[in-house]
Asker: 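Here's a structure for you.
Hydrogens, waters and symmetry mates play no part in the numbers below; they use all other heavy atoms, side chains included. Just follow the structure's listing: the first ligand is 1, and inside any ligand the first atom is 1.
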Amino acid sequence: MLRITELRLPLDHAEAVLRAAVLARLGIPDAALKAFTVFKRAWDARKKTAIVLSYTVDCEVEGEAAVLARFKGDPHVRVSPDTGYKFVGHAPADFAARGRPRPVVIGFGPCGIFAALILAQMGLRPLVLERGKEVRERTKDTWGLWRKSVLNPESNVQFGEGGAGTFSDGKLWSQISDPRHLTRKVLTEFVKAGAPEEILYVAKPHIGTFRLVGMVEKLRADIEALGGEIRFQQHVTDLHIEDGQVRGLTLASGEQIEAEHVVLALGHSARDTFAMLHQRGVYLEAKPFSVGFRIEHPQGVIDRARFGPNAGNPILGAADYKLVHHASNGRSVYSFCMCPGGTVVAATSEPNRVVTNGMSQYSRNERNANAGIVVGINPQDYRQDGKTEGPVNPLDGVAFQRIWESRAFELGNGNYLAPGQLVGDFIKRQKSAAFGDVLPSYKPGVHLTNLADPKQPSLPVYVLDAIREALPAFERQIKGFSMPDAVLTGVETRTSSPLRITRGRDHQSLNTRGLYPAGEGAGYAGGIMSAGVDGIEVAESVGRAMLGLKAA
Ligand code: FAD
């Protein structure tokens, strides 16, 4: 199979033109092209009036060796790489009868799902323990917060089957380096579970919330069919560690489970579990993360700014953006988790706190575009002991998040309303009195205020100053970005984990054997795709350890 990269065609080309372009690029007659498939399709919108599609195409041709020889030295015509997934090993048929404890996966978000799936496919029959409910029950609880201001601290946007990414935009791209094509394994499993086939070839695939629900259920069924077991409403509250080796765990019900290989796929909001790990002496360290607000604009403003006359073209869909500004106070401000045609959602898992995030459906056809506008902070910024140097308590980031999430609840006037302000007023440092052209989508609602009130700021002043400087700077890249009526909603505090559960090359905790920290909560992933890939790699290490295979 041959792979052609960077085959560029106009946005609105007819379907047949692609085949003709492949033939022309390879210089072969029609009969010599036996088959071809699109591996990737991206677009280049640098020139808005002449947007170009850029294809990567895999081709089956007659006389492949001769064609390749003609393109020797051309980086854009090569042999297609083998992207199929290779298991590190499989359990022998009598493995279960040997009586070793099953591998345990704590958490059934993208990381836990892929860790459990790979372990199940290797024949290791994992036991999954998830504190939240199964996805359809969880959906009702999540809507309970959005519609009725009722939070269930164990079943919400962060906790439950599918993890934090279930009520999301379902963006599936990631910038991780992927020499083993593990992202392909994730995408292929998603398609088998019901995701649209296009996620395999579009450059920025996304799924949207409704489809994710069904896919998560299908992946659960696949794991169970392979001998895995998935238990919901099973909150792990303690770990049993003897001489630096995991021996088991305790559930909130009091049940104790023997375990020697435990994947910790907790997500970034498992604050009580982080505290338990710290108390048990598991090695943790404070890490940088970011805080800020969600911003909402009419999607049409973003489409026109990004695509000009091609705004609305169905191949391009609703436009996204990615922005960075280095502020004069030394802080970096950037857009985070942009959701085209989506809604801002209430994402707290703790009572009397407000946290924002964004989601969308597959169609991405809601009226507003939203994104986090966040500022990077480091452990020295959020240390809670009043010192200015030295090691930072790994739980200080959680304490810092809680302060601002509680403040947001107060500024929102209670009942999980979020505090908000128009961009024009934020820049002028004045309280907003009424919404303009942009109506915010956050439910249960937005309470207008002054997010930068000097007496009661919604975030640290250096964060507010950096964002105030960044908004007009972003206007230079996206016309309309600092429009006075755009709405800021606060606060966005859970951009990534505030700590790292540090691990070694074998994916085990630095000081606790048998404990495999994984995914976003452990500080090793950020997003659905990277969490899924991390779950695969961690499962491989567990598999190697259990099957007595050599380390990678
Ligand atoms: P999580 O998905 O957080 O899963 C962890 C699981 O562990 C949870 O289900 C939790 O209940 C469980 N758990 C925690 N503690 C315990 C315990 N003690 N016992 C038992 N179970 C426990 N990313 C993208 O790539 N694209 C997007 O479009 C996107 N949109 C998002 C929108 C929203 C609203 C949110 C909240 C996040 C979004 N993200 C998105 C981020 C993405 O969801 C996360 O990066 C990803 O889910 C992390 O996966 P994970 O498996 O590591 O952790």
Side-chain angles (χ1 to χ4, degrees), residues 104-116 128-135 138 142 146 153-176 183 186 204-209 212 216 230-239 249-252 262-277 294 320 336-340 342-349 355-360 364 370-372 492-497 501 517-535 538:
V104 173
V105 177
I106 307 178
F108 201 55
C111 179
I113 290 175
F114 276 90
V128 180
L129 300 168
E130 165 56 56
R131 71 194 289 169
K133 298 183 187 172
E134 55 186 69
V135 69
R138 175 190 180 202
T142 305
W146 299 348
E154 287 299 312
S155 177
N156 48 56
V157 170
Q158 308 291 350
F159 297 157
E161 183 177 21
T166 309
F167 307 98
S168 81
D169 181 44
K171 284 179 280 297
L172 292 179
W173 64 92
S174 148
Q175 289 170 337
I176 52 172
T183 53
V186 173
K204 288 185 169 181
H206 81 106
I207 300 178
T209 288
L212 273 165
V216 164
I230 298 159
R231 292 170 58 182
F232 295 103
Q233 299 183 75
Q234 306 288 323
H235 182 175
V236 176
T237 52
D238 206 358
L239 270 190
L249 42 88
T250 304
L251 302 177
V262 175
V263 177
L264 275 181
L266 302 171
H268 57 33
S269 291
R271 295 167 170 179
D272 50 0
T273 316
F274 295 156
M276 176 274 284
L277 293 169
R294 277 270 140 185
D320 65 359
F336 166 78
C337 187
M338 197 269 155
C339 297
T343 49
V344 178
V345 295
T348 184
S349 52
V355 179
T356 57
N357 210 309
M359 68 170 246
S360 68
R364 285 181 165 168
N370 75 73
E492 187 99 3
T493 43
R494 305 207 192 168
T495 49
S496 69
S497 187
I501 312 174
E520 178 136 25
Y524 290 99
I528 297 169
M529 178 56 88
S530 60
V533 166
D534 200 53
V538 167

Asker: Within the structure, does Gly527 bring an N/O atom to less than 3.5 angstrom of an N/O atom in ligand 1?
Answerer: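 The answer is yes, given that Gly527 and ligand 1 share an N or O pair closer than 3.5 Å.
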Asker: Could you name the option among Met529, Glu130, Arg131 that has the heavy atom nearest to atom 16 (C) of ligand 1?
Answerer: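 That would be Arg131.
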Asker: Are Phe108 and Ile230 side-chain neighbours, meaning at least one heavy-atom pair lies under 4.5 Å?
Answerer: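 In short, these two side chains touch, coming nearer than 4.5 Å.
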Asker: Students should be able to answer this: which protein heavy-atom is nearest to atom 3 (O) of ligand 1, and at what distance?
Answerer: Gly267 CA, 3.2 Å
Asker: With a cut-off of 4.0 Å, which atoms of ligand 1 are near a heavy atom of Glu520?
Answerer: 44 (C), 45 (O), 46 (C), 48 (C), 52 (O)
Asker: Is atom 39 (N) of ligand 1 less than 4.0 angstrom from at least one protein heavy atom?
Answerer: no
Asker: At a non-hydrogen distance cut-off of under 4.0 Å, which region of Ile113 contacts ligand 1 (side chain, backbone, both, or neither)?
Answerer: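 It is neither part, as no heavy atom is under 4.0 Å.
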Asker: Of all the atoms in ligand 1, which lie at a distance below 4.0 Å from a heavy atom belonging to Gly165?
Answerer: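 Reading through ligand 1 atom by atom, the close ones are 43 (O), 47 (O).
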Asker: For ligand 1, which atoms have a heavy atom of Gln234 less than 4.0 angstrom away?
Answerer: 19 (N), 20 (C)
Asker: Applying side chain to side chain donor-acceptor pair (under 3.5 Å) as the test, list every pair that has at least one member in residues 159-168; sequence neighbours left out.
Answerer: Arg138-Thr166, Glu161-Arg220
Asker: Need the ligand 1 atom indices (1-based, order shown) with element for anything under 4.0 Å from a heavy-atom of Gly160.
Answerer: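 Those of ligand 1 that fall under 4.0 Å from Gly160 are 9 (O), 11 (O).
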Asker: What atoms in ligand 1 come closer than 4.0 Å to a heavy atom of Val345?
Answerer: 34 (C)
Asker: If you define the side chain from C-beta out and look only at heavy atoms, does anything of Val157 sit under 4.5 Å from Met359?
Answerer: no
Asker: Side chains of Leu129 and Leu249: does their closest heavy-atom pair fall under 4.5 Å?
Answerer: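 In contact.
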Asker: Nearest protein heavy atom to atom 51 (O) of ligand 1, by residue and atom, and its distance?
Answerer: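 For this ligand atom, the closest protein heavy atom is Cys111 N, 2.8 Å.
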Asker: Compute the shortest N/O to N/O distance between Lys171 and ligand 1 and return yes if it is under 3.5 Å, no if not.
Answerer: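 There is such a contact, yes.
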Asker: Can you name the atoms of ligand 1, numbered from 1 with element, that are less than 4.0 Å from a heavy atom of Phe167?
Answerer: 32 (C), 33 (C), 34 (C)
Asker: Can you name the atoms of ligand 1, numbered from 1 with element, that are less than 4.0 Å from a heavy atom of Ala265?
Answerer: 5 (C), 6 (C), 7 (O)
Asker: Record the part of Val236 in heavy-atom contact with ligand 1 below 4.0 Å; permitted values are side chain, backbone, both and neither.
Answerer: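 The answer is both.
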Asker: What pair of heavy atoms forms the shortest contact from Arg231 to Leu251, and how long is it?
Answerer: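 In this case the closest contact between Arg231 and Leu251 is NH2-CD1, 4.0 Å.
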Asker: Tell me the closest heavy-atom pair linking Tyr524 and Ile501, and the distance in Å.
Answerer: CE1-O, 3.5 Å
Asker: Hey, is ligand 1 close enough to Cys337 that some N/O pair sits below 3.5 Å?
Answerer: no
Asker: If every non-hydrogen atom of Arg494 is compared with every non-hydrogen atom of Ser269, which pair is closest and at what distance?
Answerer: NH1-OG, 2.9 Å
Asker: With sequence neighbours excluded, tell me which residues meet salt bridge (Lys or Arg N to Asp or Glu O under 4.0 Å) with Arg364.
Answerer: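 Here the qualifying residues are Asp169.
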Asker: Specify the protein heavy atom at minimum distance from atom 4 (O) of ligand 1: its residue, its atom name, and the distance to 0.1 Å.
Answerer: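 Nearest neighbour among protein heavy atoms for atom 4 (O) of ligand 1, to 0.1 Å: Gly109 CA, 3.5 Å.
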Asker: For atom 14 (C) of ligand 1, find the nearest protein heavy atom and state the residue, atom name and distance (0.1 Å precision).
Answerer: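 Sorting protein heavy atoms by distance from atom 14 (C) of ligand 1 puts Leu266 O, 3.2 Å first.
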Asker: Does even one non-hydrogen atom of Met359 get within less than 4.0 Å of ligand 1?
Answerer: no
Asker: Does any non-hydrogen side-chain atom of Lys171 lie less than 4.5 Å from one of Cys339?
Answerer: yes
Asker: Which residue owns the protein heavy atom closest to atom 29 (C) of ligand 1, what's the atom, and how far is it?
Answerer: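 The answer is Ser168 CB, 3.7 Å.
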Asker: Quick one: does Gln158's side chain have a donor or acceptor within less than 3.5 Å of a partner on Ser349's backbone?
Answerer: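 Checking the backbone N and O of Ser349 against the side chain of Gln158, no donor-acceptor pair under 3.5 Å is found.
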Asker: I need the Thr183 OG1 to Ile176 CD1 distance, nearest 0.5 Å.
Answerer: 6.5 Å
Asker: Geometry only, no angles: is Ile528 polar-contacting ligand 1 at N/O separations under 3.5 Å?
Answerer: yes
Asker: Before signing off on this row, confirm whether Gly132 and ligand 1 have an N or O atom pair separated by under 3.5 Å.
Answerer: no
Asker: To check you understand the geometry: which heavy-atom pair defines the closest contact between Pro340 and Asp320, and what is its length?
Answerer: CG-CB, 3.9 Å
Asker: Is there a side-chain contact between Asn357 and Glu492 (heavy atoms, below 4.5 Å)?
Answerer: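 Yes, their side chains come closer than 4.5 Å.
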Asker: Using modelled atom types and a 3.5 Å cut-off, is there a donor and acceptor pairing between side-chain atoms of Ser497 and backbone atoms of His268?
Answerer: no
Asker: Does the N or O separation between Ala164 and ligand 1 drop below 3.5 Å for any pair?
Answerer: yes
Asker: Atom 32 (C) of ligand 1: which protein heavy atom is closest, and how many Å away?
Answerer: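 The closest heavy atom on the protein side is Gly358 O, 3.1 Å.
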Asker: Which residue from Thr142, Leu264, Thr273, Val344 reaches closest to atom 18 (N) of ligand 1 through any of its heavy atoms?
Answerer: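 Comparing heavy atoms across Thr142, Leu264, Thr273, Val344, the nearest one to atom 18 (N) of ligand 1 lies in Thr273.
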Asker: Under 3.5 Å, is there a donor-acceptor pair between the side chain of Glu130 and the main chain of Gly160?
Answerer: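 Side chain of Glu130 to backbone of Gly160: a pair is present.
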Asker: If you count the atoms of ligand 1 from 1 in the order shown, which ones are under 4.0 Å from a heavy atom of Gly519?
Answerer: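 Checking each atom against Gly519, I get 52 (O).
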